[in-house]
Amino acid sequence: MEIKVAQKMLDANDEMARHNRLLFKEKNVFVINIMSSPGSGKTTLLEKTLGRIQPDINCGIIVGDICTKNDAERILKTGAPAIQINTDAFGGECHLSAGSIEKAASDFNLEEMDLLIVENVGNLVCPAEFDIGEDVRVVVLSVTEGEDKPLKYPLMFRESSLALLNKIDLLPYLDYDIGLTKKYITRINAEMPVIEISSKTLEGFDQWIEWLKNRIIQKK
Ligand code: MG
Ligand code: ZN
């Protein structure tokens with residue numbers, strides 16, 4: 001019985017995701033869904049990314065958290081319009097659904113937007129199960145997490161088009177085997193590019209921004 005209910009929820013979500021994807025295509029907006037565990041540095045990465053691509057690229061940001069508007073307030077300071085979704089009103093859901101994206105996106109002027117970035121709720125599990133109508137999914141994994149995260153949460157890594165290996169400025173202070181992480185990522189998703197990055201030193205940003213711009217161009 002419970003399985004049936006869960007399947008119905010996913011079917012309804014997929015239907016809404018299809019609707020979103022059509023809308024974003026019609027408005028010529030490229031949509032990226034950024035996912036990771038809490039504390040991997042998504043928001044800081046976004047702040048620095050927006051600093052690099054604005055105003056050439058018109059951006060809008062949707063941020064998901066269970067509570068607080070902290071992340072949206074940080075993003076707004078970059079000059080990009082940002083909408084915070086708090087899932088505590090929906091029982092504290094630990095992911096963003098296609099329906100919540102549809103509602104938030106209706107508050108943006110999509111006509112003038114090139115790129116919509118969704119910072120999903122920090123969680124390596126169910127955000128990967130919910131299509132929100134995005135064009136690409138990017139998983140952020142920081143070097144303060146275990147090397148074997150890709151093996152423990154394979155769906156997230158299977159469903160993503162790019163992995164950003166974040167906080168590499170911390171490597172000198174850690175016993176972290178970055179080669180092992182890459183090996184595990186490749187084991188789950190052989191095709192996936194991995195970019196080593198640091199929002200502090202900005203290492204890897206050229207490569208990341210180039211990847212992003214290429215993907216936006218491909219859609220146009
Ligand atoms: Mg955040
Ligand atoms: Zn969830």
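When a ligand or atom number is given, it counts from 1 through the structure's own listing order. None of the values given here were measured: they were computed from a predicted structure.
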Asks: What is the name of the N/O/S atom in D71 that sits closest to the Mg ion (ligand 1)?
Replies: OD2
Asks: Please say which of L45, N166, V140 ends up in a side chain to side chain contact (heavy atoms under 4.5 Å, CB included) with S36.
Replies: V140
Asks: If you check every N/O/S atom of E119, which is the one nearest the Mg ion (ligand 1)?
Replies: OE2
Asks: Only one of R158, E159, M156 forms a side chain to side chain contact (heavy atoms under 4.5 Å, CB included) with V139, so which one is it?
Replies: M156
Asks: With a cut-off of 2.8 Å, does any N, O or S atom of N70 fall short of it relative to the Mg ion (ligand 1)?
Replies: no
Asks: Under 2.8 Å from the Zn ion (ligand 2), which protein atoms of type N, O or S occur, listed by chain and number?
Replies: C94 SG, H95 ND1, C126 SG
Asks: Answer with yes or no whether the side chains of Q7 and D11 bring together a donor and an acceptor at under 3.5 Å.
Replies: yes
Asks: Quick test of your reading of the model: are D206 and R52 salt-bridged, counting only N-O distances below 4.0 Å?
Replies: yes
Asks: Using a 6.0 Å cut-off, check whether atom CD of E203 has over 12 heavy atoms from anything other than its own residue.
Replies: no
Asks: Locate the shortest heavy-atom distance separating D135 from V29; write the atom from each residue and the value.
Replies: OD2-O, 3.8 Å
Asks: Flag the pair E196 and K182 as a salt bridge only when some basic side-chain nitrogen lies within less than 4.0 angstrom of an acidic carboxylate oxygen.
Replies: yes
Asks: Taking everything shown except Q54 itself, do over 12 heavy atoms lie less than 6.0 Å from its CD?
Replies: yes
Asks: If I take every N, O or S atom of D65, is at least one of them less than 2.8 Å from the Mg ion (ligand 1)?
Replies: no
